[in-house]
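Report on the following structure.
Sequential numbering from 1 along the given sequence is applied to the chain's residues.
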Amino acid sequence: MRENQTSPPLRAAILTVSDSAFAGRRADRSGPAVAEFLEQNGWTILESRIVADDLAVIAATLREFCSHGVAVVFTVGGTGLSPRDVTPEATKKVITREIPGLTEQMRREGSKTTPTAVLSRSVAGLCGASLIVNLPGSPQGALDSLKAIHTVLPHAVDLVAGKTAHPE
């Protein structure tokens, strides 16, 4: 829960990880769907980018986004089982602390309607003062995962920022 109604807007960046979207062979529908949902829920999107499924590029982009002072970097895609799905590995290279409860909740809620949601290898964790959350690549999977955790994200952001006072 945000400390007060005058808290600044939550700031996010979205990184779509997709070889085909990066090459222009298909449109990125997932990143824009995540951005629209976040904006409808009071978030400000500072940056959105598409990169290929390349571990070094993903890790470098995550570090860059986190250095810009965003509260949360949402990645979209690259969390599956194919050999090119390396988003979780890139995320683990840049985070200092993992937050498994977020991804456990995403898989738990997702599996209620999509049995294959349990195959997601999504990771969430802290990179400096930013939270990174891996979302699945399909528009519906990304939105379902985000909806499963979006209500706790403002509190997580406040905690990371040192706002640890609890309401009486």
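Residues passing the side-chain contact (heavy atoms from CB on, under 4.5 Å) test with S82, sequence neighbours excluded: R84, D85. Among residues two or more places apart in sequence or in another chain, the side chain to side chain donor-acceptor pair (under 3.5 Å) test is passed with S120 by S122. In this view, R107 and T103 satisfy the side chain to side chain donor-acceptor pair (under 3.5 Å) rule, not counting sequence neighbours. For R108, the side chain to side chain donor-acceptor pair (under 3.5 Å) partners two or more places apart in sequence, or in a different chain, are Q105. By the side-chain contact (heavy atoms from CB on, under 4.5 Å) test, V51 is found to be paired with L15, V17, R49, V57, I58, T61, residues two or more places apart in sequence or in another chain being considered. Taking the side chain to side chain donor-acceptor pair (under 3.5 Å) definition, one finds that E39 meets it with nothing, sequence neighbours left out.
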Dump the intermediate steps for side-chain contact (heavy atoms from CB on, under 4.5 Å) on K93 and L55, then the final yes or no.
-> CA-CA 9 Å; K93 285 195 174 293; L55 194 142; 3.3 Å; yes
Should E47 and I14 be marked as a side-chain contact (heavy atoms from CB on, under 4.5 Å) after you check the CA-CA gap, both sets of side-chain angles, and the distance that decides it?
-> CA-CA 6 Å; E47 188 162 359; I14 300 170; over 6 Å; no
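Follow the hydrophobic side-chain contacts under 4.5 Å out from L38 and you reach L102 in the same cluster. The hydrophobic clustering, which links ILVMFWY residues whose side-chain heavy atoms are closer than 4.5 Å, places V152 and L143 together. Taking hydrophobic clusters as Ile, Leu, Val, Met, Phe, Trp and Tyr residues chained together by side-chain heavy-atom distances below 4.5 Å, F65 does not share a cluster with L10. Cluster annotation: L62 is not connected to I99 through the hydrophobic network of ILVMFWY side chains, with a link wherever side-chain heavy atoms come within less than 4.5 Å.
The nearest pair of heavy atoms linking A59 to V94 is O-CG1, 3.6 Å. Across every non-hydrogen atom of P115 and V118, the tightest pair is O-CG2, 3.4 Å. Heavy-atom minimum distance, L135 versus M106: CD2-SD, 3.8 Å. For the residue pair A117 and S111, the shortest heavy atom distance occurs at CB-N, 3.6 Å.
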Return all side-chain donor-acceptor pairs below 3.5 angstrom for residues 27-35, not counting sequence neighbours, or 'none' if the list is empty.
from, atom 1, to, atom 2, distance (Å)
D28, OD1, S30, N, 3.2
D28, OD1, G31, N, 3.0
D28, OD2, T16, OG1, 2.8
S30, OG, G137, O, 2.4

Report, one line per pair, each donor and acceptor closer than 3.5 Å where one atom sits in a side chain of residues 67-80; sequence neighbours left out.
from, atom 1, to, atom 2, distance (Å)
S67, OG, E64, O, 2.6
T75, OG1, N134, ND2, 2.8

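Contact of the R121 side chain with the L81 side chain is registered, since non-hydrogen atoms from C-beta on lie closer than 4.5 Å. Contact of the V133 side chain with the L146 side chain is not registered, since no non-hydrogen atoms from C-beta on lie closer than 4.5 Å. Between W43 and R11, the closest side-chain pair of non-hydrogen atoms is not below 4.5 Å.
At distances below 3.5 Å, not a single donor-acceptor pair connects side-chain atoms of D158 with backbone N or O atoms of K163.
Interatomic distance, CZ of R97 versus CG of L131, reported as 11.0 Å (0.5 Å rounding). Between atom CG of residue D53 and atom OG of residue S18 there is a gap of 6.5 Å, rounded to the nearest 0.5 Å. Between atom CG of residue L153 and atom CG of residue N41 there is a gap of 10.5 Å, rounded to the nearest 0.5 Å. Here the CD1 atom belonging to I95 is positioned 11.5 Å from the CZ atom belonging to R63, to the nearest 0.5 angstrom.
Identified under the ring-ring contact (aromatic ring centres under 6.0 Å, His included) test for residues 121-145, with sequence neighbours left out: none. Sequence neighbours left out, not one pair with a member in residues 90-130 passes ring-ring contact (aromatic ring centres under 6.0 Å, His included). Within the structure, side chain to side chain donor-acceptor pair (under 3.5 Å) pairs that include any residue of residues 135-148 comprise Q140-D144 (at least two apart or interchain).
Under 4.0 Å is where a charged nitrogen must lie from a carboxylate oxygen, and between K112 and E109 at least one such pair does.
Through chains of ILVMFWY side-chain contacts below 4.5 Å, F22 is grouped with I50.
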